[in-house]
Amino acid sequence: PVNSGRIHFADPKTGFDVIAEIQEGGIYRVKTAKGEGLPEGVYHVTVEPPKIAAPIGTMAPPARPPRPDIPETYRRSKTSGLTLTVQPGDNPFDVEYVFTV
């Protein structure tokens with residue numbers, strides 16, 4: 001499993017989006033101001049490396065570390081092919097992919 005990073009859920013219809021941090025073992029939990037979980041909707045999903053803080057005083061955006069365990073394809077909503085439709089009740093979402101380095 002990917003042991004660090006972020007999963008980004010974005011609903012283009014409503015403009016709602018949220019990022020969940022990936023923890024050890026590939027576990028993540030989506031939390032919003034209204035509690036755990038996502039509102040109903042159809043979400044485009046990306047899997048991204050964790051952000052690295054930029055040094056103080058720089059104007060450059062923070063770099064992302066090289067992460068061969070998260071293919072570039074999954075880092076953009078147009079290429080990830082990952083979507084999630086959230087309906088009432090439980091909506092588990094496991095991201096599984098196979099890649100070669």
Side-chain angles (χ1 to χ4, degrees):
V2 174
N3 290 311
S4 66
R6 304 158 14 126
I7 298 185
H8 183 189
F9 298 90
D11 182 341
K13 184 176 179 182
T14 65
F16 182 85
D17 72 30
V18 67
I19 293 173
E21 296 292 328
I22 301 171
Q23 306 298 316
E24 189 71 29
I27 305 296
Y28 70 93
R29 295 219 182 275
V30 176
K31 295 180 184 177
T32 68
K34 294 185 178 185
E36 278 199 7
L38 291 166
E40 291 180 31
V42 178
Y43 293 85
H44 294 265
V45 182
T46 58
V47 182
E48 308 163 357
K51 281 195 173 189
I52 296 177
I56 294 176
T58 65
M59 296 300 289
R64 297 216 187 237
R67 290 291 300 266
D69 59 339
I70 303 175
E72 287 291 329
T73 301
Y74 291 96
R75 300 179 192 195
R76 292 178 204 73
S77 63
K78 290 183 179 184
T79 60
S80 78
L82 302 171
T83 59
L84 169 64
T85 300
V86 176
Q87 299 175 343
D90 288 338
N91 293 272
F93 186 70
D94 294 330
V95 178
E96 294 186 24
Y97 54 85
V98 177
F99 65 96
T100 58
V101 177

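Residue indices begin at 1 and follow the sequence shown. Values in this document were obtained by computation on a predicted structure and should not be read as measured data.
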Where do [X] and [Y] come nearest, in terms of heavy atoms and distance?
X	Y	result
P50	R6	CA-CD, 4.1 Å
N3	G25	OD1-N, 2.6 Å
D90	P92	C-CD, 3.6 Å

Among T79, T46, V47, L82, side-chain contact (heavy atoms from CB on, under 4.5 Å) partner for T73: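 Filter result, single survivor: T79.
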Ignoring hydrogens and angles, tell me if any N or O in the side chain of N91 forms a donor-acceptor pair with the backbone of G89 under 3.5 Å.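 Pair found, side chain donor or acceptor close to backbone of G89.
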Can you name the residues that form a salt bridge (Lys or Arg N to Asp or Glu O under 4.0 Å) with E72, not counting sequence neighbours?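 E72 satisfies salt bridge (Lys or Arg N to Asp or Glu O under 4.0 Å) with R75, R76 once adjacent residues are dropped.
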Would a 4.5 Å heavy-atom cut-off, applied to side chains only, mark [X] and [Y] as touching?
X	Y	result
P12	H44	yes
V18	Y43	no
V30	F93	no
E48	I70	no

If you group Ile, Leu, Val, Met, Phe, Trp and Tyr by side-chain heavy-atom gaps below 4.5 Å, do V86 and V42 land in one group? no
As an exercise, state the distance from CG of D11 to OG1 of T85, rounded to the nearest 0.5 Å.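 Interatomic distance, D11 CG to T85 OG1, rounded to 0.5 Å: 9.5 Å.
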Between OG1 of T32 and CG of L38, what distance do you get to the nearest 0.5 Å? 7.5 Å
Per the side chain to side chain donor-acceptor pair (under 3.5 Å) rule, what does the pair list look like for residues 20-29, sequence neighbours excluded? none
Restricting to side-chain hydrogen bond (donor to acceptor under 3.5 Å, both in side chains), what partner residues turn up for S4, sequence neighbours left out?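 Applying side-chain hydrogen bond (donor to acceptor under 3.5 Å, both in side chains) to S4 gives R67.
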